[in-house]
Asks: 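Before I ask anything, let me first share the structure, which is written out below as structure tokens.
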Amino acid sequence: MTQNIFSDVRARVIAALGTIVPDLPPEVAARVEVSPTKDAAHGDMATNAAMVAAKPAKMKPTEIAAKLVAALADDADIESAAAAGPGFVNLRLRAGSWRGLLPGILQAGEAFGASDAGQGVRVNIEYVSANPTGPLHIGHCRGAVVGDALANLMTKAGFRVTKEYYINDAGNQITALCWATYWRYLQAVGTTMTEEEYSNEVPGGLQYRGEYLIPVAEALVAAHGDGLASEHKGIAAPEVWLEIVRELALAMMMASVREDLAVLGVVQDVYSSERELVGRKVTDSTIERLREQGLIYEGILEPPKGKTPEDWEPREQTLFRATQFGDDVDRPLRKSDGSATYFANDIAYHADKIGRGADILIDVLGADHGGYVKRMTSAVKALGGHLDVLLCQIVHVLKDGQPLRMSKRAGTFVTLRDLLDEVGPDAVRFTMLTRKSDAQMEFDINQAVAQTRENPVFYVQYAHARCRSVLRAADEMFGAGQLAAAEGAALESLEDEAELALIRRLASWPRTVEAAALAREPHRIAFFLYDVASDFHMLWNKGRENAALRFLQPERTAESLARVALVAATAVVLRSGLAVMGVRPVEEMR
RNA sequence: GCACCCGUAGCUCAAUUGGAUAGAGCACCAGACUACGAAUCUGGGGGUUGGAGGUUCGAGUCCUUCCGGGUGCGCCA
């Protein structure tokens, strides 16, 4: 038996199938699945082997199923096999085979569930990548959690993962940030200008008016006094101050972003700067490379149908042939002043990631970037790479039943830090993973902190705390070291249906990790842990009604140790799963 | 107008990626504490999976079309 009993049994099914269909094509074997049954009445697991093999074998599915049943009947771990429905083969494993998995779980500890499914493929996951123009807000939070959990998940599944943040520090937004910072600086040195007057002098107007720039201004004063202002404490020539302000504002904004992320438990491996990339002329060389492939041309785009912008005029641009790779239109790479578009720099950035050694690129983006997906996947395809994009849909935050609208103007702007202060990082992370990332979600602050079953964070934590409680009691009852004894304990006494159901659940953890990693769906871990917790609470309560099922019984050491093994294995799986989600397990609920 | 995401119980969401009778929680009704932690558990009602076609052994899942919600749509990032 390996750690993953499902892949183990699958191998036996394929072997058996091979004796029935001698020339079984490998691609057919690859489609054979062994999965848990939805309905316990069907047994423990079911396989579609007979159905997928029917066509190439030119046999009826039911006929193959009948032969599979006969072939598998000899297997020592299989108690019964039965053909069902259109050609399923339902399998029931011996209780002893299930129980026999517990020592392996305890031995593996939190590493249980790890696999080599990823085969060491190098994956670069880029997430958050918020413009460093202000504090992170709730809109960034979901992507941060999803990206981070996905990184943990794929690492556990045997991928080699790099976690990366792309700093968009090269565009007009940053110049706007500099002007906004400079306004705070002028205020700090005592300018007589009004905000209105200042805004009129700023190209594009004053954009970022939040107070979070005041500390930057104070740092500027500390370092330069009023030397960055004009004689009358007005606006000096940008050559005097712009680059100085840019350096400091960027550094301090990024420091605050990283601090907020750290509170959330997110620490990335690589922080890549767009400015640095542009400085290295990577954009130019990447465009040149695409030009050599004949993918760049000068042309004029059609205006969008229906809603044509007011100031539309046909214009010749440098275009990338995105349509050759599945995009709807070709995309511009240069602005009219000759500088690179954001897209052009981003192509260069993705080329850079590939160049640093990534077999698969993953971008975790916000829903407002949906229109960006096709062009970026097209570009990466042109570069010979592979890009998956995860779109995280909007999160609506609810408090006391009322939606918190995200509005900077109305002053109801919710920062990530605010949310973390109110809910705590563990609840934030778990709750963010209780929805598929491409579906919109409601984040109910009251529910996230509730100490009831309707809060999955609590429910799972409570199950773990209960496990620990039992293990602490076992320590007292049987003395320290009972765990070592439990690993070798006689497990035959674990025969109640609720106990076996829990074991089967724990045994499907490796399969869950693998499937979730391949599907890039970290939310499945949250649902799995909820199911483990549910199975465990159910078993606990059964012991309440039937004393014979209680975990610890002083006068029955063998039975107790067997159950201690089960409880310890449950705690192991819960911790293993929480680690993937980046949530800390708790020892007790206080 | 076009593209992408979504539409599942009254509400919030799952559904092992095309599998068997679509499942949880909340809410509603009825039950279980002389406790290894009742912050939990047991049972019950509740569905034309937005509508209509199609693909096949089999569709919530894939295709077409329509309806509804969200996001975006040449020198913003």
Side-chain angles (χ1 to χ4, degrees), chain A residues 6 33 35-39 41-42 46 48 51 54 60-62 84-88 90 129 131 133 168 170-174 274 300-309 312-315 317 319 327-332 334-339 341-343 345-346 366-374 391 393-394 434-436 438-442 444 447 450-456 458-459 462-463 465-466 469-474 477 508 511-512 515-516 518-519 521 523-524 527-528 530-531 534 537-545 550-553 560 563 567 588-589:
Chain A
F6 291 92
E33 289 175 9
S35 51
T37 54
K38 279 185 194 169
D39 187 341
H42 294 139
N48 62 353
M51 286 181 286
K60 283 183 189 167
T62 47
F88 288 103
N90 294 328
S129 296
N131 292 348
T133 54
N168 298 134
N172 297 330
Q173 307 280 350
I174 299 301
E274 181 181 5
I300 300 172
L301 286 178
E302 296 282 314
K305 293 243 163 51
K307 193 184 137 195
T308 307
W312 176 272
E313 49 184 82
R315 187 174 285 140
Q317 295 172 294
L319 299 170
D327 200 355
D328 308 309
V329 290
D330 292 337
R331 303 290 179 175
R334 299 232 179 252
K335 304 177 189 175
S336 53
D337 67 0
S339 66
T341 58
Y342 176 81
F343 177 52
N345 283 342
D346 214 8
D368 53 343
H369 287 67
Y372 197 67
V373 175
K374 275 191 186 178
L391 279 186
Q393 288 293 330
I394 310 271
T434 54
R435 302 284 181 269
K436 243 183 336 203
D438 55 6
Q440 295 181 28
M441 79 178 290
E442 293 195 10
D444 186 331
Q447 180 179 312
Q451 306 278 297
T452 65
R453 173 170 193 164
E454 67 186 284
N455 178 6
F458 168 80
Y459 188 70
Y462 185 39
R466 273 182 153 178
S469 172
V470 171
L471 296 175
R472 282 192 297 270
M477 195 173 288
S508 68
R511 180 180 191 280
T512 301
L518 295 177
E521 291 186 352
H523 75 279
R524 291 199 207 179
F527 284 90
F528 173 81
Y530 189 88
D531 288 339
S534 180
H537 287 309
M538 194 186 303
L539 176 59
W540 181 294
N541 200 255
K542 231 175 157 180
R544 182 177 299 287
E545 283 156 15
R550 294 195 181 177
F551 298 128
L552 302 180
Q553 303 181 45
S560 296
R563 285 170 187 157
V567 172
E588 47 185 356
M589 311 299 295

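Below, all heavy atoms of this structure are taken into account, side chains as well, without hydrogens, waters or symmetry copies. Residue numbers begin at 1 in each chain, while the letters A, B, ... track the order of the sequences.
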Asks: How close or far is atom C1' of B:C75 from atom CZ of A:Arg331, stated in whole angstroms?
Replies: 14 Å
Asks: Mind checking if A:Phe343 touches a base, just sugar-phosphate, or nothing, with heavy atoms under 4.0 Å?
Replies: nothing
Asks: So A:Phe458 and A:Tyr462, would you call those rings parallel, tilted or perpendicular, with 30° and 60° as cut-offs?
Replies: parallel
Asks: Which nucleotide sits closest to the side chain of A:Phe88: B:C36, B:G19, B:A39?
Replies: B:G19
Asks: Does B:U17 sit syn or anti, given that only angles within 90° of 0 count as syn?
Replies: syn
Asks: Heavy atoms only, 4.0 Å cut-off, all strands: where does A:Glu521 land among base, sugar-phosphate and nothing?
Replies: base
Asks: For A:Phe88, what residues pass the ring-ring contact (aromatic ring centres under 6.0 Å, His included) criterion, not counting sequence neighbours?
Replies: none
Asks: Provide the Watson-Crick or G-U wobble partner of B:G31, both distances under 3.5 Å; none if there is no partner.
Replies: B:C41
Asks: Mind calculating the distance between NZ (A:Lys38) and C1' (B:G19) to the nearest angstrom?
Replies: 7 Å
Asks: With nearest nucleotide decided by heavy atoms, which residue, A:Val373 or A:Tyr459, maps closer to the 5′ end of RNA chain B?
Replies: A:Val373
Asks: Kindly say whether, by distance alone, the side chain of A:Arg544 makes a donor-acceptor pair under 3.5 Å with the base of B:U42?
Replies: no
Asks: What integer number of Å spans the C1' atoms of B:G7 and B:A15?
Replies: 16 Å
Asks: Any side-chain heavy atom of A:Phe6 sitting closer than 4.5 Å to one from A:Pro36?
Replies: yes
Asks: What's the closest nucleotide to the side chain of A:His42 if the choices are B:C6, B:C26, B:A20?
Replies: B:A20
Asks: May I ask which nucleotide in the shown strands pairs with B:U48, Watson-Crick or G-U wobble, both distances under 3.5 Å?
Replies: none
Asks: Would you kindly give the CZ-to-P distance between A:Arg550 and B:U34, to the nearest whole Å?
Replies: 11 Å
Asks: Taking the inter-plane angle between the rings of A:Phe343 and A:Tyr372 on a 0 to 90° scale, is it parallel (under 30°), tilted (30 to 60°) or perpendicular (over 60°)?
Replies: perpendicular
Asks: Would you mind classifying the nucleic acid contact of A:Arg334 as base, sugar-phosphate or nothing, using non-hydrogen atoms under 4.0 angstrom?
Replies: nothing
Asks: If the P atom of B:G23 is compared with that of B:A30, how far apart are they to the nearest Å?
Replies: 26 Å
Asks: Whether the A:Asn131 and A:Gln173 side chains hold a donor-acceptor pair (N or O, under 3.5 Å, no angle test) is what I'd like checked.
Replies: no
Asks: Among B:A32, B:C57, B:G37, find the nucleotide with the atom closest to the side chain of A:Ser469.
Replies: B:G37
Asks: Closest to the A:Pro332 side chain: B:C36, B:G74, B:U16?
Replies: B:G74
Asks: Quantified in whole Å, what is the C1' atom distance between nucleotide B:C28 and nucleotide B:G45?
Replies: 9 Å
Asks: Please determine, for the side chain of A:Leu301, which listed nucleotide (B:C57, B:G74, B:A20) has the closest atom?
Replies: B:G74
Asks: Taking the side chain of A:Tyr530 as its heavy atoms from C-beta onward, which of B:A39, B:A15, B:G25 lies nearest to it?
Replies: B:G25
Asks: Identify, between A:Val470 and A:Ala41, the residue whose nearest nucleotide on RNA chain B lies closer to the 5' end.
Replies: A:Ala41
Asks: For A:Pro86, report the nucleic acid contact type (base, sugar-phosphate, nothing); a contact means any heavy atom under 4.0 Å.
Replies: base
Asks: Nearest to the side chain of A:Lys335, heavy atoms from C-beta on, is which of B:A20, B:G37, B:C75?
Replies: B:C75
Asks: State whether the side chain of A:Asn48 and the backbone N or O of A:Glu33 hold a donor-acceptor pair below 3.5 Å, judged by distance alone.
Replies: yes
Asks: Please report the distance separating the P of B:U8 from the corresponding atom of B:G50, rounded so that it comes out in whole Å.
Replies: 6 Å
Asks: Can you tell me how far P of B:C75 sits from CG of A:Asp346, to the nearest Å?
Replies: 14 Å
Asks: Taking N or O atoms only and anything under 3.5 Å, show me the protein contacts with nucleotides 12-14 of chain B, one pair per line.
Replies:
| residue | atom | partner | partner atom | Å |
| --- | --- | --- | --- | --- |
| B:U12 | O2' | A:Arg435 | NH2 | 2.5 |
| B:C13 | OP1 | A:Gln440 | O | 3.4 |
| B:C13 | OP1 | A:Glu442 | N | 3.2 |
| B:C13 | O5' | A:Arg435 | NE | 2.9 |
| B:A14 | OP1 | A:Lys436 | N | 2.6 |

Asks: How close or far is atom C1' of B:A39 from atom CD of A:Glu454, stated in whole angstroms?
Replies: 12 Å
Asks: In whole Å, what separates the C1' atom of B:C29 from that of B:G46?
Replies: 12 Å
Asks: Is it the case that the side chain of A:Asn90 and the backbone of A:Ala46 share a donor-acceptor pair, with hydrogens and angles ignored and the cut-off at 3.5 Å?
Replies: no
Asks: In whole Å, measure the gap between the P atoms of B:C57 and B:C11 for me.
Replies: 37 Å
Asks: Hey, is the side chain of A:Asn90 pairing donor to acceptor with the base of B:A20 inside 3.5 Å?
Replies: yes
Asks: Can you identify which nucleotide, out of B:G74, B:C41, B:A77, has its nearest atom closest to the A:Gln173 side chain?
Replies: B:A77
Asks: Should A:Arg472 and A:Glu588 count as side-chain neighbours, where that means a heavy-atom distance under 4.5 Å?
Replies: yes
Asks: Taking the C1' atom of each, how far is B:G25 from B:G68, in whole Å?
Replies: 26 Å
Asks: Without swapping roles, check the side chain of A:Arg563 against the backbone of A:Arg550 for a donor-acceptor pair under 3.5 Å.
Replies: yes
Asks: Is B:U8 paired to anything, Watson-Crick or G-U wobble with both distances less than 3.5 Å, and if yes, which nucleotide?
Replies: none
Asks: Let's see if you can work this out: which of B:C4, B:U16, B:A24 has an atom nearest to the side-chain heavy atoms of A:Arg453?
Replies: B:A24
Asks: Which base, if any, makes a Watson-Crick or G-U wobble pair with B:U71, both distances under 3.5 Å?
Replies: B:A3
Asks: Anything under 30° is parallel, anything over 60° is perpendicular, the rest tilted; go ahead and classify A:Phe551 against A:Trp540.
Replies: perpendicular
Asks: Please determine, for B:A22, whether a Watson-Crick or G-U wobble partner exists with both distances under 3.5 Å, and give it or none.
Replies: none
Asks: A:Tyr372 has a side chain; which of B:A77, B:A20, B:G74 sits nearest to it?
Replies: B:A77
Asks: Using the P atom as the reference point in each nucleotide, state the distance between B:G51 and B:G10 in Å, no decimals.
Replies: 13 Å
Asks: Could you tell me the separation between the CG atom of A:Asp328 and the C1' atom of B:U71, rounded to a whole number of Å?
Replies: 15 Å
